[in-house]
Structures are given as structure tokens and as C-alpha cells.
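The structure displayed is predicted, hence computed values, not measured ones. The sequence lines fix the lettering, A, B, ..., with proteins before strands; numbering per chain opens at 1.
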Amino acid sequence: MSFRDSVYKVVSGIPEGKVLTYKEVAEKAGSPKAYRAVGNILNKNYNPSVPCHRVIRSDGKIGGYNRGEENKVAILRKENAII
DNA sequence: GAGCTGACATGTT
DNA sequence: CAACATGCCAGCT
């Protein structure tokens, strides 16, 4: 069970319409100061089972997405999560 | 095995 | 108020 797995689990547990910040995910994963690693992990994560699009920055910004930030925003807006 | 990279956050300038 | 610089962690090359 690596930190990566914890992050996957946490992100996979995010319900629709809910968005968590990288810091929150890192905290739930067990390392509040590992928000850096969270971004790095999600970045390499191409697993569709992990709704990485529900993880945003603390500033409320999108951050990034493997399939394009615009797509990420579109999904979040569809789920009535942000904006 | 060591070093580099990054979808960040916080503090100063 | 906005931009720059620093610090932090885990994963990847």
C-alpha cells in the first residue's frame, strides 16, 4: 500500500458534485504535506476509474488534466461541482 | 540507486 | 493587490 494507492482510493471515493483540493486529498491519503506528490501521481494516472477531474487547486483553479483542462472544467460544470 | 520532475501551497518582495 | 521565490513530497527516468 503505497501513498499512490491511498490517493487513488481517496479520489475514487469522491462523490459526484464534490470537489476536493490537492491538499485535502493528500491529507486524507495520510500526508497533508504531500499535495505535491498528489499532483504528480494524478498526472501519471490514466485510470478512468479515478475521477482525478474532481481534484482542484486550493485557489479554486483547475490546475490541469490529462485530457485537457477545458474538458475537466466541462465535466465539473456538468456535475454542478464548481463555477 | 540517485537525481529530476511536477496537475501545489505558503510566505515575501 | 500581483508576481517571485522557497519548501515540500512521492513518483518517474
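Under the side-chain hydrogen bond (donor to acceptor under 3.5 Å, both in side chains) criterion, Asn47(A) pairs with Ser49(A), not counting sequence neighbours. Contacts of Glu16(A) classified as salt bridge (charged side-chain N to carboxylate O under 4.0 Å, His left out), with partners at least two apart in sequence or in another chain: none. Under the salt bridge (charged side-chain N to carboxylate O under 4.0 Å, His left out) criterion, Arg4(A) pairs with no residue at all, not counting sequence neighbours.
Rounded to whole Å, the distance from CG on Asn43(A) to P on dA7(B) is 5 Å. Rounded to whole Å, atom P of dG6(B) lies 14 Å from atom CG of Asn66(A). Glu69(A) has its CD atom 14 Å from the C1' atom of dG6(B), to the nearest Å.
In the hydrophobic clustering of this structure, Ile14(A) groups with Tyr35(A); members are Ile, Leu, Val, Met, Phe, Trp, Tyr whose side-chain heavy atoms approach within less than 4.5 Å, directly or through other members. Follow the hydrophobic side-chain contacts under 4.5 Å out from Ile56(A) and you reach Val73(A) in the same cluster.
The side-chain heavy atoms of Glu79(A) and Lys18(A), taken from C-beta on, include no pair separated by under 4.5 Å. Between Ser58(A) and Tyr22(A) there is no side-chain heavy-atom pair separated by less than 4.5 Å.
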Quick test: give all pairs of protein nitrogen or oxygen and nucleotides 11-13 of chain C nitrogen or oxygen below 3.5 Å, distance rounded to 0.1 Å.
{"from": "dG11(C)", "atom 1": "OP1", "to": "Arg4(A)", "atom 2": "N", "distance (Å)": "3.3"}

Write out a two-atom table: protein N or O, nucleotide N or O from nucleotides 9-13 of chain B, distance below 3.5 Å.
{"from": "dA9(B)", "atom 1": "OP1", "to": "Ser58(A)", "atom 2": "N", "distance (Å)": "2.7"}
{"from": "dA9(B)", "atom 1": "OP1", "to": "Ser58(A)", "atom 2": "OG", "distance (Å)": "2.2"}
{"from": "dA9(B)", "atom 1": "OP2", "to": "Arg57(A)", "atom 2": "NE", "distance (Å)": "3.3"}
{"from": "dA9(B)", "atom 1": "OP2", "to": "Ser58(A)", "atom 2": "N", "distance (Å)": "3.4"}
{"from": "dA9(B)", "atom 1": "O4'", "to": "Tyr35(A)", "atom 2": "OH", "distance (Å)": "3.4"}
{"from": "dA9(B)", "atom 1": "O3'", "to": "Lys23(A)", "atom 2": "NZ", "distance (Å)": "3.4"}
{"from": "dT10(B)", "atom 1": "OP1", "to": "Lys23(A)", "atom 2": "NZ", "distance (Å)": "2.6"}

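Taking Ile, Leu, Val, Met, Phe, Trp and Tyr as members and joining any whose side-chain heavy atoms lie under 4.5 Å apart, directly or through other members, the hydrophobic cluster of Tyr65(A) also contains Ile75(A).
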